[in-house]
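One structure is given here, and the rest of the page talks about it.
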Amino acid sequence: MATVPPKKAEATASSAGGASVADATIELVNHLILEAARMNASDIHIEPGTKEAIVRYRVDGVLQVRRRFPLDQIPQVVSRVKIMSRLDVTEHRMPLDGRVGFGRPSPNEPYIDLRVSTVPLLSGEKVCMRLIYKDRERADLEHMGLSAENLETYRQMVDSPSGLLIHVGPAGSGKTSSVYAAIQHLNEPGRNISTVEDPIEYELDGVNQAQVNPDQGLTFGVVLRAYMRQDCNVILVGEIRDSETCEIAIQAALTGHMILGTLHAESCIGAIARLQELGISNYFIGSAIKGIVSQRLVRRLCEKCKRAVPPPQRLADALGLQLGQPIQSAVGCKACGRGGYKGRFAIHEVMCPDEETRDRIYRGAAPSAIEEAALEAGMAPLWLDGFEKVAKGETTLSEILRVVRGVTMGTRARGDDPLGGIVDTLVSPGSPGMQRGPESL
Ligand SMILES: [Zn+2]
């Protein structure tokens, strides 16, 4: 992989007059990357606006403006990023993408890789850089944030010798980190673990990792077929997004392989619908699925400034909170950059189909009927896992509602409907515990 060219050589190569401008631009771009890394940002956006250029960082899942500079500096900044990433500096009309090793901000900090993408906009070229912290300590199963019950269920599923274990959630929901945690858990010399990814985000010792290259014809399907002749125990399919990949993954799961994969779906039930859309028969879905995990990342309350507030009555009743037991709200202080939150963690919905659930999948039952059986078998809906984290004071109610809105609420499937309408009640303005977080600004 390319690494950032040394600053000195470049400055010397420039003409005397241009050197100072080039130096200043190099400094600026380096400064942005280092600052973003220190803030633990996942992405840097450098955007030409109508009047000025804006730099925004995505921190804990939320974009924040960090800097503005004159619009006429955009071409130099974009060129610098392109030079760093070995992209064609003369191409301004087409989107470009590349990857570059940036290095360590300091000896004790993780090595940073940058995934760079440029897009020509009306007002100029826009750059987005994804920061990949390479050797940062990664979560193991115990630190995935699973509740005790979910962790036990997940262990049973992932330790099975065969079957399909799918992780779902929108982009940026942490599902890749969860899959890596599962791989780390399974990684021992007695198992042949092979992956097919796009791209490989982390290199893992003891794991055979392949990266797809569609331009050369190296697709998920081609690599997966080869793995069928590679004596694999566990296969990670980075993303199941086409029928061919899905069919081979299902076949592999049914012939003695443990298949881990991610799929774009909103919920566990949504994943079954997605597999049907990809052309898999209900019989194969019901037979191959070992489990489905749906997840979202929520921001963790800052320990230094969080403040106790009384919970809305319905939430207190639903969670069995003791009389007078408060929940916490976000305030904001110096330690958390005034946002009230610091870091993130995942909330989960873990579906482990029992006989009845499988039976309904085989019969092609309605999603609500499959969900009903899964809930009956012990699946806790995503929002309930979130509300339990609220009761523990780890995050706020508004944060949970922000990420679970639009997800099947699950309650309608239950006859007794213990929490029916709770979300509507809780989102009404002025409810205690509701905070106007930065996401609503
Ligand atoms: Zn704080």
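All values derive from a computational prediction rather than experimental measurement. Atoms within each ligand, like the ligands themselves, are counted from 1 in listed order.
For the Zn ion (ligand 1), the nearby protein N/O/S atoms, meaning those under 2.8 Å, are Cys302 SG, Cys305 SG, Cys333 SG, Cys336 SG.
The only option from Asp43, Ile112, Val81, Thr118 that meets the side chain to side chain contact (heavy atoms under 4.5 Å, CB included) definition with Met129 turns out to be Val81.
Using modelled atom types and a 3.5 Å distance limit, the side chains of Asp242 and Thr245 yield a donor-acceptor pair.
With hydrogens and angles ignored, the 3.5 Å screen pairs no side-chain donor or acceptor of Asn208 with any backbone N or O of Asn192. Here the side chain of Lys389 pairs a donor or acceptor atom with the backbone of Gly145 at under 3.5 angstrom. For the pair Gln295 (side chain) and Ile347 (backbone), a donor-acceptor distance under 3.5 Å is absent. Of the possible donor and acceptor atoms, one in the side chain of Arg58 sits under 3.5 Å from a partner among the backbone N and O of Gly61.
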